[in-house]
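What follows is a set of notes on a single structure, which appears directly below.
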Amino acid sequence: MKKFKVVVTDYEYKSLQPEKDALSHLDVEFVPAQCRTEEEVIEACKDADGILNQYAPISRKVIENLQNCKVIARYGVGVNTVDLEAATEKGIIVGNVTDYSIDEVSDHAFALLLALARKVVKLNNEVKGGVWDFNLGKPVFRLRGRTLGLVGLGRIPQALAKKAQAFGLRVVAFDPFMPAEAAKELNVELLELNEVCSQSDFVSVHAPLMESTRGMISDEQFNSMKKEAFIINTARGPVIDEQALIRALQAGKIAGAGLDVVEEEPLSADSALLSMDNVIITPHIAWYSEQSEVELQSKSAQNVADVLSGYYPSYLVNRDVKAKVNLKEKE
């Protein structure tokens, strides 16, 4: 069997053993790298048969310089680091992992919701600063009977909906791709985006980052929200127009925000968001647990192993590539 070269463009994991285990049945030269620029990716991957990618750019320029590549597997659900059109044109399969960290992200979103609703972070900071005064948390509203609005109704927000409903929250959602009957089975009411924003006490963003969703939550949406409403984002930072969010917070148009993602990561030290005590920010950790990290690494590498073994991967993103590639379906 041919020896394959598999390159990891970049990673933040303490070990790459899960990837090595997934590829162990193949004769593979496994090359970890820490690329940041297009040029670095090209240099590391130009002769690679398979690529594992976290944050490094896999742009059209990069793809045009790949000589042997058959598969690009992204660590995660989103594939915004990869030029899908260019990959498809070149007959390169793109894989992701759509079913990892569903509990982790939905748990994190709900943790942000609870922390915002109960003013947990603000009051903790006041007490540690020597101030014992429950009045500093006012107003706090009872959760039961209030409304959670979901932007997107995929697997993660579906899991969040169930958790929120257990606390007595009404759930509404905007998702133009979700059939009304499927939403009804989840006891979720489908609305237009601005209706979700205007009716909700909490708006939780779960839309993938695409050109059509970039900045989809902006001034118009913030202007329609209740003054006591909070916005939560555990999806991708650029789905929210960050400057519009800052303007809304500064003007008191919304009550606060819980953000696990921002437009540019890491967040700039001079960001206005850092000085706001009604904003909770975590460092893009919603996806993480010890279990989900191993699951993500293993499944991402399995996408590469499948393609190099002559099969379509279980998590195929660019299905149009089948017109250019003739592989077997996994049973």
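Small disclaimer: the values here were computed from a predicted structure and weren't measured.
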Practice prompt. Would you please classify the geometry between the Y13 ring and the Y75 ring as parallel, tilted or perpendicular, with 30° and 60° separating the classes?
Written response: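 Rings of Y75 and Y13: perpendicular, over 60°.
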Any donor-acceptor pair under 3.5 Å linking the side chain of [X] with the backbone of [Y]?
X    : Y    : result
D260 : H284 : yes
E185 : A182 : no
S271 : L267 : no
N96  : V77  : yes
N124 : V120 : no
R74  : Q54  : yes
S218 : E220 : no
E43  : E39  : no
E19  : S300 : no
S200 : V203 : no

Discussion item. Pair L16, F30 - check side chain to side chain contact (heavy atoms under 4.5 Å, CB included), show working.
Written reply: CA-CA 10 Å; L16 294 177; F30 187 75; 3.9 Å; yes
How about [X] and [Y]: do any of their side-chain heavy atoms sit closer than 4.5 Å?
X    : Y    : answer
D241 : Q221 : no
E104 : Y288 : no
K163 : S106 : yes
L153 : L190 : yes
V325 : K70  : no
D277 : V279 : no
I231 : F222 : yes
V171 : E189 : no

Say you draw a straight line from [atom1] of [X] to [atom2] of [Y]; how long is it, rounded to the nearest 0.5 Å?
X    : Y    : atom1 : atom2 : result
R36  : D10  : CZ    : CG    : 5.5 Å
Q291 : Y100 : CD    : OH    : 14.0 Å
Q297 : Y11  : CD    : OH    : 10.0 Å
T213 : I240 : OG1   : CD1   : 11.0 Å
L113 : I280 : CG    : CD1   : 10.0 Å
L112 : D107 : CG    : CG    : 11.0 Å

Discussion item. Whether the N125 and K128 side chains hold a donor-acceptor pair (N or O, under 3.5 Å, no angle test) is what I'd like checked.
Written reply: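 No, no side-chain donor-acceptor pair sits under 3.5 Å.
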Fill in: Flag for Q165-R170: side-chain donor and acceptor within less than 3.5 Å
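Distance-only check fails for R170 and Q165.
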Discussion item. Enumerate the ring-ring contact (aromatic ring centres under 6.0 Å, His included) contacts for residues 106-144, please, sequence neighbours excluded, ordered by first and then second residue.
Written reply: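 Residue pairs passing ring-ring contact (aromatic ring centres under 6.0 Å, His included), neighbours aside: F110-F167.
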Worksheet item: Residues in side chain to side chain donor-acceptor pair (under 3.5 Å) with K324, at least two apart?
Response: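 Testing K324 for side chain to side chain donor-acceptor pair (under 3.5 Å), a comparison that skips the adjacent residues, returns none.
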Practice prompt. Return the set of residues passing side chain to side chain donor-acceptor pair (under 3.5 Å) with Y315 (not counting sequence neighbours), or none when no residue passes.
Written response: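 Partners of Y315 by the side chain to side chain donor-acceptor pair (under 3.5 Å) criterion, ordered by chain and then number, come out as D99, K299.
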[X] atom [atom1]: more than 12 heavy-atom contacts under 6.0 Å:
X    : atom1 : value
K330 : NZ    : yes
D133 : CG    : yes
E264 : CD    : no

Examine [X] and [Y] and state if one hydrophobic cluster contains both, with Ile, Leu, Val, Met, Phe, Trp and Tyr joined whenever side-chain heavy atoms are less than 4.5 Å apart.
X    : Y    : value
V62  : I92  : yes
V307 : L23  : yes
V94  : V6   : no
M178 : L148 : yes
V317 : I51  : yes

Considering all heavy atoms of both residues, which atom of [X] and which atom of [Y] are nearest to each other, and what is their separation?
X    : Y    : answer
V71  : N303 : CG2-O, 4.1 Å
L66  : C45  : CD2-O, 3.4 Å
A207 : M216 : CB-SD, 4.0 Å
H25  : S309 : NE2-OG, 3.4 Å
S198 : K226 : O-CE, 3.7 Å
S59  : E38  : OG-OE2, 2.5 Å

Discussion item. Pair T81, N53 - check side chain to side chain donor-acceptor pair (under 3.5 Å), show working.
Written reply: CA-CA 8 Å; T81 59; N53 168 249; 2.7 Å; yes
Item to complete: Report the C-alpha distance between L296 and S101 in whole Å, list the side-chain angles of each, state the deciding distance to 0.1 Å, and finish with yes or no for side chain to side chain contact (heavy atoms under 4.5 Å, CB included).
Response: CA-CA 8 Å; L296 174 61; S101 74; over 6 Å; no
Worksheet item: Passes side chain to side chain contact (heavy atoms under 4.5 Å, CB included), F230 versus N278? Steps please.
Response: CA-CA 9 Å; F230 297 95; N278 59 343; 5.6 Å; no
Are [X] and [Y] ion-paired here, with the side-chain N under 4.0 Å from a carboxylate O?
X    : Y    : answer
K253 : E228 : no
D49  : K5   : no
E64  : K90  : no

Worksheet entry | E329 vs K322, salt bridge (Lys or Arg N to Asp or Glu O under 4.0 Å): CA-CA, chis, key distance, verdict | CA-CA 11 Å; E329 298 285 353; K322 287 188 173 184; 2.7 Å; yes
Discussion item. Assess the residue pair I217 and N233 against the criterion (side chain to side chain contact (heavy atoms under 4.5 Å, CB included)); give the C-alpha distance rounded to whole Å, side-chain angles, the decisive distance to 0.1 Å, and a yes or no.
Written reply: CA-CA 11 Å; I217 309 295; N233 191 3; over 6 Å; no
